[in-house]
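A short worksheet on the structure shown next.
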Amino acid sequence: MHSGAQRDGGETNPALALVCGVLPLAVGEALGTPVLLAATRRYSTTAQRSISFSIIYMIMNVGYLAAGYIFDYVRQLDFHINIGGFEPTTHQQLFIVSLVFEILLFPAIYFLRRSADKNATTQLLVEAQRISGAELAGLCGKVRPTPAELFRR
């Protein structure tokens, strides 16, 4: 079966697609989602939390909807371009479109993270100044017996 994805005469390698495509996507999802949820917990108040999670999932669903339309649009174009002897297939063109979106999103993510890092550092300094040495020693005294109690049971 010869498809448009093989119009350059190259062979399809499922192992390469798995290692270079699907596996990084799975790792990114596995690492990205918990970070997103932790950031939402940290930067929203208890009263805002449910609407914050709702907005996250709404944005993800809109992204999935847009991805479906973009995927269909790029496939229908059947765009034939030649860049220095390289003629990308339809699926390679989809990866290029994804790369363009990632490049467009990078500045927003970078500046949001810088702002969050600055706020977190300031917050840690304020909390560190607030905790006195006596409070810290009292806290350590309360924590220390716990492992010993655990082994007595």
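Values below: all heavy atoms of this structure, side chains included; hydrogens, waters and symmetry mates excluded.
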Measure the CG-OG1 distance between Leu94 and Thr89 for me, rounded to the nearest 0.5 Å.
8.5 Å
Indicate, with yes or no, if Leu37 and Tyr43 share a hydrophobic cluster defined by side-chain heavy-atom contacts under 4.5 Å among Ile, Leu, Val, Met, Phe, Trp and Tyr.
no
On a heavy-atom basis, which atom in Val19 and which in Leu23 lie closest, and how many Å separate them?
O-CB, 3.8 Å
Sub-3.5 Å donor-acceptor pair from the side chain of Glu87 to the main-chain atoms of His80, do we have one?
no
Name all residues meeting the side-chain contact (heavy atoms from CB on, under 4.5 Å) criterion together with Ile103; count only those two or more places apart in sequence or in a different chain, and write none if there are none.
Leu99
Could you report the tightest heavy-atom contact between Phe86 and Gln92, atom names first, then the distance?
CZ-OE1, 3.6 Å
What donor-acceptor contacts under 3.5 angstrom involve side-chain atoms of residues 52-75, with partners at least two apart or in another chain?
from: Ser52; atom 1: OG; to: Gln48; atom 2: O; distance (Å): 2.9
from: Ser54; atom 1: OG; to: Ser50; atom 2: O; distance (Å): 2.9
from: Asn61; atom 1: ND2; to: Tyr57; atom 2: O; distance (Å): 3.1

